[in-house]
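Here the structure comes first, spelled out in structure tokens, and everything after it is commentary.
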Amino acid sequence: MTGRRIEVTEEPGIPTRRMIACIATSALLWSAQGLGMNLIAANTSQISGALGATTNETMWLVAAYMAPNVSLTMLLTKVRNQFGLRRFTEIGIALFVAVSCLHLFVQDLHAALVVRFLAGVAASPMSTLGFLYMLEAFPQSKKLSWGLSLALTCTTLSAPLARIISPALLDLGLWHGLYLMEAGVALIAMAAVHRLPLTPIPHTKMLHPLDAVSYPLVATGFGLLAVVMVMGRYEWWLEAPWIGICLALSALCITVAAAIEIHRETPLLNIRWLTSPEILHVAAILLVFRLVLSEQTSGAFGLFQTLGLLNDQSRSLQVVILLASIAGGITCGMLLKPGRDAAFHAVALLCIMAGAFMDGHATSLTRPGQMYLSQALIAFGGMLFLPPAMLTGLMHTLKQGPTFITSFIAVFLFTQSLGGLMGSALFGSFVTLREKFHSARLVEDVVLTDPLVAARVKQLGGAYGHVLTDPALTNAEGIALLAKQATREATVLAYNDAFLAISALAALALAGLVLHLLVARVHRTADAIAS
């Protein structure tokens with residue numbers, strides 16, 4: 001018997017030193033970008049005092065940052081491919097360092113708004129570089145398992161990290177203390193990037209003249225939508241006329257951009273592909289993920305803020321969330337393979353559903369230590385959800401070719417950046433509406449003719465007895481304190497309703513997933529019988 005000799009070529013490995021260096025550089029880049037985004041959101045009340053602004057005015061800093069950030073990555077993907085990775089890296093990191101240092105010269109709200117807008121622009125290449133360095137750390141066979149999982153894990157770590165380090169930084173110098181840290185991390189990341197260049201990629205002509213028309217329309221549409229999502233629940237949706245104007249302009253810009261793109265041979269966004277059933281399914285999965293995770297990003301810490309707890313009182317809970325997220329990312333990296341997305345999503349939804357249900361029984365005496373398990377489950381489940389969904393979307397995209405990458409990035413940005421803002425807006429608005437409902441129910445039977453109510457008012461007003469001699473004023477202070485307590489209890493009940501709604505949404509998503517798998521199995525069985 002004769003046989004042919006078969007040569008097996010092993011995939012070249014990556015030196016351990018370079019792997020560790022690339023992972024560390026990616027973590028640095030994600031930390032620098034994430035801290036810039038989350039330090040404001042995590043310290044709104046403290047920063048508003050330092051800038052002499054109200055809470056609503058301070059939230060415009062978040063809107064100014066997100067307006068350019070939610071769309072710029074689409075354009076930068078084309079810029080990177082056309083002008084080269086090294087030039088893109090050097091210019092991107094230099095711009096980020098410069099804008100980070102500008103924060104140190106801010107003294108008032110107007111200057112802060114300008115700097116935050118520039119920061120949103122400068123942060124876009126940082127997120128791209130964070131992804132690229134993490135993928136660079138692994139061989140080709142592990143880029144979409146370990147590389148993708150750890151890169152997406154890094155995107156979630158900056159939020160708890162910002163809350164952990166914020167109290168110490170605020171003690172150093174309020175606004176400037178926060179951004180002195182960001183500038184330092186950015187400078188370290190700049191040194192790491194120059195010391196560890198990425199593998200060059202071939203230059204490809206990606207930019208076309210009509211991109212100069214389409215992208216401004218997409219950026220304006222996404223930017224206006226981001227501003228509305230951030231500010232809508234603070235200015236209230238039906239009270240500020242400019243919200244409706246922004247939504248109308250956003251819809252107009254996106255519609256005109258879609259009309260242009262659908263007739264292009266080399267579109268920035270491939271509208272027909274984006275509206276295909278497979279991509280709409282992936283987009284729906286990613287959007288549901290962002291909505292259910294609003295329980296952690298907006299819910300638990302909003303509740304603690306209502307109860308008067310600051311970041312330093314919830315630091316241990318943030319550490320638990322941080323560790324659970326890392327554990328979820330490592331688990332995903334070890335087990336992630338094409339075709340396992342349904343199992344990952346089922347486990348993730350179970351974790352989120354259970355965690356949100358546990359949080360839905362909070363009281364005004366609930367403290368961070370009582371939410372360790374529930375928040376760890378949600379953080380772990382979140383990291384089991386996103387990488388498989390991203391892998392599915394990337395597999396669909398890569399089958400079409402590299403020109404479809406910008407279209408998939410648009411899906412990712414819409415569902416994650418805008419989806420995150422949408423989830424926070426819906427969660428906050430739901431809590432506001434339910435608080436009004438519970439307040440009305442709690443106070444409808446509170447009358448001063450009730451002996452128990454009168455005794456409670458007298459007890460609360462007694463705290464002012466040593467400074468107020470007028471019984472009427474003392475009684476008024478007691479009534480004010482009782483009203484404040486009623487509002488606090490109503491807010492806690494509203495958060496419980498929101499937590500249970502998130503749990504129900506996760507349960508519905510899980511039921512939909514199971515139904516989808518059953519239908520797919522029936523179709524496969526029918527096709528097998530027919531063949």
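The first residue of the sequence shown is numbered 1, and numbering continues consecutively from there. Source: prediction; values computed, not measured. Every heavy atom of this structure was used, including side-chain atoms; hydrogens, water molecules and symmetry mates were not.
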* Structure fact -> Heavy-atom nearest pair, Ala189 first then Leu29, reads CB-CD2, 4.0 Å
* Does Gln370 CD have over 12 foreign heavy atoms under 6.0 Å away? -> yes
* To do: Measure across Ala123 and Tyr65 and return the closest heavy-atom pair with its distance rounded to 0.1 Å.
  => CB-OH, 3.1 Å
* To do: Would you mind reporting whether Tyr215 and Leu72 have side-chain heavy atoms less than 4.5 Å apart?
  => yes
* Measure the shortest side-chain to side-chain distance between Phe344 and Lys337 over non-hydrogen atoms and say whether it is less than 4.5 angstrom. => no
* Quick one: pull up NZ in Lys142 and OG in Ser149 and give me the separation to the nearest 0.5 Å. => 12.5 Å
* What do the steps show when you test Cys332 against Met383 for side-chain contact (heavy atoms from CB on, under 4.5 Å), and what is the final call? -> CA-CA 7 Å; Cys332 214; Met383 284 319 307; 6.0 Å; no
* Asked: Hey, what do you get for SG (Cys101) to CG (Leu180), rounding to the nearest 0.5 Å?
  -> 9.0 Å
* So do the side chains of Leu61 and Leu113 get within less than 4.5 Å of each other, counting heavy atoms only? -> yes
* Step by step, work out the side-chain contact (heavy atoms from CB on, under 4.5 Å) result for Leu35 and Leu39. => CA-CA 6 Å; Leu35 288 176; Leu39 285 174; 4.2 Å; yes
* **Between CG on residue Leu421 and CE on residue Met66, distance to nearest 0.5 Å** => 4.5 Å
* Would you find a donor on one side and an acceptor on the other, under 3.5 Å apart, between the side chain of Ser26 and the backbone of Ile23? -> no
* **Residue pair Ala342 / Leu513: nearest heavy atoms and the distance that separates them** => O-CD2, 3.6 Å
* To do: List the steps and the verdict of side-chain contact (heavy atoms from CB on, under 4.5 Å) for Met358 and Leu377.
  => CA-CA 10 Å; Met358 292 166 66; Leu377 282 172; 4.1 Å; yes
* Picking from Ile321, Val292, Asp359, what satisfies side-chain contact (heavy atoms from CB on, under 4.5 Å) with Ile378? -> Asp359
* Asked: Angle class for the Phe385/His345 ring planes (parallel below 30°, perpendicular above 60°, tilted otherwise)?
  -> parallel
* To do: Indicate the atoms forming the closest heavy-atom contact of Val320 with Ala376, along with that distance.
  => CG1-CB, 3.8 Å
* Give a yes or no on whether the backbone of Leu196 and the side-chain of Tyr133 come within a donor-acceptor separation of less than 3.5 Å. => yes
* May I ask you to test the Thr366-Met371 pair for a side-chain heavy-atom distance under 4.5 Å? => yes
* Asked: Between Trp60 and Val230, does a side-chain contact (heavy atoms from CB on, under 4.5 Å) hold up when you go through it step by step?
  -> CA-CA 8 Å; Trp60 277 101; Val230 173; over 6 Å; no
* Asked: Any sub-3.5 Å donor-acceptor pair from Ser424's side-chain atoms to Gly420's backbone N or O?
  -> yes
* Asked: Given side chains that start at C-beta, do those of Pro167 and Arg315 come closer than 4.5 Å, heavy atoms only?
  -> yes
* Ile93, Leu95, Leu28 screened by side-chain contact (heavy atoms from CB on, under 4.5 Å) with Met126, the one that passes -> Ile93
* Nearest heavy-atom pair of Ser31 and Leu161: which atoms, and what distance? -> OG-CD2, 4.4 Å
* Structure fact -> Across all chains, not counting sequence neighbours, the salt bridge (charged side-chain N to carboxylate O under 4.0 Å, His left out) partners of Arg367 are none
* **Separation of Leu386 CG from Thr155 OG1 (nearest 0.5 Å)** => 6.5 Å
* Are Phe380 and Thr331 side-chain neighbours, meaning at least one heavy-atom pair lies under 4.5 Å? -> yes
* Give a yes or no on this: more than 12 heavy atoms of other residues, nucleotides or ligands lie within 6.0 Å of atom OH of Tyr372. => yes
* Asked: Do the rings of Phe138 and Trp146 sit parallel, tilted or perpendicular, given the 30° and 60° boundaries?
  -> parallel
* In Å, rounded to the nearest 0.5 Å, how long is the span from CG of Leu187 to CD of Glu182? -> 10.5 Å
* With rounding to the nearest 0.5 Å, note down the distance linking CH2 in Trp30 to CE in Met134. => 9.0 Å
* To do: Please examine the side chains of Ile254 and Phe222, heavy atoms only from C-beta on, and report whether any two atoms are closer than 4.5 Å.
  => yes
* Asked: Distance-only, no hydrogens or angles: does the Asn38 side chain make a donor-acceptor pair with backbone N or O of Gly34 under 3.5 Å?
  -> yes
* **Considering all heavy atoms, the nearest Gln318-Arg163 contact** => NE2-CD, 2.8 Å
